[in-house]
K.L.:
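What follows is a structure written as structure tokens; I'll ask about it next.
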Number of protein chains: 2
Amino acid sequence: MSTHGEDETDAGVSTTRKTFEILEALKAEEGVTITELTRRTGLSKSTVYRHLATLTDLGYVVERDGGYYIGFRLLEISEQARTRKTGYTAAKRKVFELGQETDERAVFIVEEEGEGVYVHRYGSLADTMIGKRRPLHSLASGKVILAEWNDDAVREFVAENGLEAITDNTITDPDVLHDELDRIRERGYAVNNQEHMDGLRGVAVPVYTPDDEFLGALGVFGPASRFKDDYLHEELPSLLWDKAGEIKVTLAYG
Amino acid sequence: MSTHGEDETDAGVSTTRKTFEILEALKAEEGVTITELTRRTGLSKSTVYRHLATLTDLGYVVERDGGYYIGFRLLEISEQARTRKTGYTAAKRKVFELGQETDERAVFIVEEEGEGVYVHRYGSLADTMIGKRRPLHSLASGKVILAEWNDDAVREFVAENGLEAITDNTITDPDVLHDELDRIRERGYAVNNQEHMDGLRGVAVPVYTPDDEFLGALGVFGPASRFKDDYLHEELPSLLWDKAGEIKVTLAYG
DNA sequence: GTCTCTGTTTCACATAGCGGAACAGCGGAT
DNA sequence: ATCCGCTGTTCCGCTATGTGAAACAGAGAC
């Protein structure tokens with residue numbers, strides 16, 4: 001708790017908090033019963049009942065044969081975030097092409113609230129579920145994002161979030177991170193050498209709009225055994241640059 | 001109100017309703033200010049303020065330079081619905097392949113609460129935004145879904161929702177619909193001849209799991225000028241059957 | 001400098017959400 | 001058949017909680 005350094009009280013609407021507590025519990029396990037939800041949330045049975053009645057009435061939750069499920073109506077809302085910028089939509093297609101052409105896993109990542117969010121992906125690693133959030137310093141795409149920031153912003157990021165060691169290879173020293181970001185700015189691509197998961201390597205490049213606004217990072221990753229140096233530092237970066245360039249072109253001319 | 005034939009009172013949690021009223025208003029237009037949201041929702045300024053404070057605290061809404069936006073954290077929840085069945089994920093890839101190979105717009109549609117929901121799509125028609133809902137009887141994919149139901153279920157559907165005329169070609173006669181569904185069951189594919197939008201034709205086929213559970217409908221659509229009879233009734237159905245079959249195979253063997 | 005927009009906070013009030021407990025409905029076990 | 005244990009549903013009294021109006025603050029615009 002106190003590690004966050006936040007002085008935010010839990011102000012606001014506590015009823016709304018309960019609603020989302022229930023939704024998050026449903027996200028964790030669907031098709032579950034009311035009494036099961038009371039167990040997981042610690043709320044009283046009548047409260048859960050009343051909230052679920054509201055949510056199903058609004059269509060955000062669906063009941064089917066005694067179990068409750070997240071409804072597709074939430075998808076409609078969240079899709080707004082995903083299509084906020086046309087560049088995000090353009091990136092979607094490029095992620096797919098990348099996945100198909102390389103036969104590796106591909107992602108498009110965007111920053112929100114100091115974390116990396118998977119916005120598009122190709123390949124079925126449960127870990128890269130869309131909407132999932134990861135610490136920026138442990139991902140190739142995340143380092144690309146950090147490399148876009150100035151020193152002060154990076155310093156602030158480190159101060160707020162720290163540099164947690166996800167694996168033995170994760171960068172935990174601010175100075176090392178600083179040098180790494182410099183290298184990324186110079187090269188134009190970032191590499192991840194098992195800093196997020198053992199045995200996993202990746203590459204990522206920044207994506208810009210035609211007027212050079214930064215959009216997010218386009219990345220490819222896979223097993224270290226296959227991601228040898230020439231593949232990682234030659235072939236993939238140039239392919240990624242091509243795709244990032246195509247996004248820019250798409251945005252410029254329909 | 002009374003047209004729904006529902007006797008549902010607005011029971012439940014009205015505070016939660018307010019929260020989602022605000023979220024829906026944000027979906028409609030992002031980057032908007034608090035006072036603007038009070039205008040749109042009709043709620044008091046302090047209420048909107050308090051709700052937004054809660055939502056930003058929880059991360060479902062994000063504030064950036066004076067404007068409020070839907071946060072990606074909602075995406076994480078709603079993605080649960082989208083990946084509920086592995087078949088949905090398999091369909092995602094096939095939709096993309098369909099779009100690339102035909103150079104037409106492609107969709108994967110699922111039924112929820114008597115409506116067709118776009119779960120995956122290829123192509124950038126604003127009308128087919130993911131999560132958007134359409135009446136089943138006006139879509140090729142929707143008719144594929146209706147064709148899976150028995151006569152009683154279809155009758156009930158008609159009684160509850162009616163058969164609204166979206167265009168001049170929309171099927172509005174229950175008997176005509178009945179015959180149409182029979183034809184679809186027989187042929188194994190459905191055709192949409194400008195029943196949802198003038199100038200737009202489409203084809204769709206059902207998708208099943210290896211143990212013949214119905215998952216949803218895979219469809220392709222485009223301008224009537226290009227969707228001539230042989231293309232619509234020969235080429236596309238066989239391509240769609242192939243893709244639907246590949247989904248089944250994917251589910252059966254990794 | 002004032003004026004006019006914002007966002008933020010305060011406050012008194014009634015309402016709306018709360019949890020406990022009672023009721024109903026179902027299925028399995030005996 | 002009967003009981004028992006488990007659900008979901010409803011009722012109810014209480015108080016916490018969300019509410020709107022109004023006051024306050026802060027930032028531009030002019």
Side-chain angles (χ1 to χ4, degrees), chain A residues 6-71 112-113, chain B residues 1 4-71 74 112-113:
Chain A
E6 284 285 321
D7 53 356
E8 290 286 332
T9 73
D10 44 12
V13 187
S14 76
T15 303
T16 302
R17 288 176 196 275
K18 297 199 183 79
T19 294
F20 281 103
E21 209 174 329
I22 291 171
L23 280 173
E24 292 282 354
L26 267 186
K27 186 197 75 184
E29 187 177 357
E30 281 192 312
V32 88
T33 159
I34 288 188
T35 24
E36 181 61 26
L37 280 173
T38 69
R39 255 191 291 274
R40 290 181 196 277
T41 58
L43 301 167
S44 91
K45 192 161 58 160
S46 49
T47 300
V48 174
Y49 176 79
R50 201 159 356 94
H51 277 261
L52 281 176
T54 311
L55 286 170
T56 53
D57 185 34
L58 293 172
Y60 300 117
V61 162
V62 171
E63 187 199 353
R64 210 171 321 160
D65 40 58
Y68 287 90
Y69 298 82
I70 304 282
E112 182 177 275
E113 308 275 89
Chain B
M1 296 287 183
H4 287 70
E6 285 285 319
D7 54 355
E8 290 286 330
T9 75
D10 45 12
V13 187
S14 77
T15 304
T16 302
R17 288 176 196 275
K18 296 200 183 80
T19 295
F20 280 104
E21 209 174 329
I22 292 171
L23 281 173
E24 292 282 355
L26 268 185
K27 186 197 75 184
E29 187 176 358
E30 281 193 312
V32 88
T33 160
I34 287 187
T35 23
E36 181 61 25
L37 281 173
T38 68
R39 254 190 291 276
R40 291 181 195 276
T41 58
L43 301 168
S44 92
K45 192 161 58 160
S46 49
T47 300
V48 174
Y49 175 79
R50 203 161 352 95
H51 277 261
L52 281 176
T54 312
L55 286 170
T56 53
D57 184 35
L58 293 172
Y60 300 117
V61 162
V62 171
E63 188 200 351
R64 211 171 323 159
D65 40 59
Y68 288 89
Y69 298 83
I70 303 282
L74 272 176
E112 183 177 274
E113 308 275 89

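All chains are named by letter (A, B, ...) in the order of the sequence lines, taking the proteins before the strands, and each is independently numbered beginning at 1.
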K.L.:
In whole angstrom, give the distance that lies between atom CG of B:Leu55 and atom P of D:dG18.
P.N.:
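Rounded to whole Å, this separation is 13 Å.
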K.L.:
Show the distances under 3.5 angstrom between N or O atoms of the protein and N or O atoms of nucleotides 11-13 of chain C.
P.N.:
none

K.L.:
Using atom CG of B:Asp57 as one end and atom P of C:dT8 as the other, report the distance to the nearest whole Å.
P.N.:
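Roughly 14 Å, once rounded to whole Å.
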K.L.:
Measure the CG-CG distance between B:Leu52 and B:Leu37 for me, rounded to the nearest 0.5 Å.
P.N.:
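So the CG of B:Leu52 and the CG of B:Leu37 are separated by 6.0 Å.
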K.L.:
Calculate the interatomic distance between A:Tyr49 atom OH and D:dC6 atom P; express it in whole Å.
P.N.:
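Spelled out: OH on A:Tyr49 to P on D:dC6 is 21 Å.
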K.L.:
Looking only at side-chain N and O atoms, does A:Thr15 come under 4.0 Å of OP1 or OP2 in D:dT17?
P.N.:
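Checking A:Thr15 against D:dT17: no side-chain N or O falls below 4.0 Å of OP1 or OP2.
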K.L.:
A:Phe20 versus B:Leu74: any side-chain heavy-atom pair under 4.5 Å?
P.N.:
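Result yes, sub-4.5 Å side-chain heavy-atom pair found.
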K.L.:
Specify the separation, in whole Å, of atom NZ of B:Lys18 and atom C1' of C:dA16.
P.N.:
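After rounding, the gap between these two atoms is 9 Å.
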K.L.:
Quick one, which residues of residues 29-42 of chain A touch DNA chain D with a heavy atom under 4.0 Å?
P.N.:
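A:Thr33, A:Ile34, A:Thr35, A:Arg39, in order of number.
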K.L.:
Measure CG/B:Leu52 against P/C:dT9 and give the value in whole Å, please.
P.N.:
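After rounding, the reported distance stands at 14 Å.
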K.L.:
I need the minimum non-hydrogen distance between A:Val13 and B:Thr54, along with the two atoms involved.
P.N.:
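Shortest heavy-atom separation between A:Val13 and B:Thr54 comes out as N-OG1, 2.7 Å.
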K.L.:
For A:Thr41, enumerate each residue passing the side-chain contact (heavy atoms from CB on, under 4.5 Å) test, keeping only those at least two apart in sequence or located in another chain.
P.N.:
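Per chain and number, A:Thr41 pairs via side-chain contact (heavy atoms from CB on, under 4.5 Å) with A:Glu21, A:Ile22, A:Ala25, A:Leu43, A:Val48.
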K.L.:
Take the protein atom CD of B:Glu63 and the nucleotide atom P of C:dT6, then report the distance between them rounded to whole Å.
P.N.:
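One finds 16 Å between P of C:dT6 and CD of B:Glu63, rounded.
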K.L.:
In whole angstroms, how far is the P atom of D:dT17 from the CZ atom of A:Arg17?
P.N.:
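Between P of D:dT17 and CZ of A:Arg17: 12 Å.
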K.L.:
Under the rule for side-chain contact (heavy atoms from CB on, under 4.5 Å), what residues qualify as partners of A:Val62, not counting sequence neighbours?
P.N.:
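A:Val62 satisfies side-chain contact (heavy atoms from CB on, under 4.5 Å) with A:Arg64, B:Glu112, B:Glu113 once adjacent residues are dropped.
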K.L.:
So which atom in A:Thr35 and which in A:Thr38 form the shortest heavy-atom distance, rounded to 0.1 Å?
P.N.:
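For A:Thr35 and A:Thr38, the tightest heavy-atom pair comes out as O-OG1, 2.5 Å.
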K.L.:
Between atom CG of B:Leu23 and atom OG1 of A:Thr16, what is the distance when rounded to the nearest 0.5 Å?
P.N.:
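Result: 9.0 Å between the selected atoms.
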K.L.:
With a 4.5 Å heavy-atom cut-off, do A:Arg17 and B:Asp57 have their side chains touching?
P.N.:
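Contact flag for A:Arg17/B:Asp57 side chains = yes.
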K.L.:
Grab the two heavy atoms, one from A:Thr19 and one from A:His51, that are nearest each other, plus how far apart they are.
P.N.:
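That would be OG1-ND1, 2.9 Å.
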K.L.:
Heavy atoms from C-beta onward define the side chain here; which of C:dC18, D:dT19, C:dT9 lies closest to that of B:His51?
P.N.:
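Nearest to the side-chain atoms of B:His51, counting from C-beta on, is D:dT19.
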K.L.:
Across nucleotides 21-30 of chain D, 5' to 3', mark each nucleotide with B, S or - according to how protein heavy atoms within less than 4.0 Å reach it.
P.N.:
B---------
K.L.:
Could you check how far CZ of A:Arg50 sits from C1' of D:dG8, rounded to whole Å?
P.N.:
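Computing the A:Arg50:CZ to D:dG8:C1' distance gives 14 Å.
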K.L.:
With side chains defined as the heavy atoms from C-beta onward, is the minimum distance between B:Ile34 and B:Tyr68 less than 4.5 Å?
P.N.:
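Yes - at least one pair of side-chain heavy atoms lies under 4.5 Å apart.
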K.L.:
With B:Glu30, which residues qualify under side-chain contact (heavy atoms from CB on, under 4.5 Å), at least two apart?
P.N.:
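If we apply the side-chain contact (heavy atoms from CB on, under 4.5 Å) test to B:Glu30, skipping adjacent residues, the hits are A:Gln80, A:Arg84, B:Tyr69, B:Ile70.
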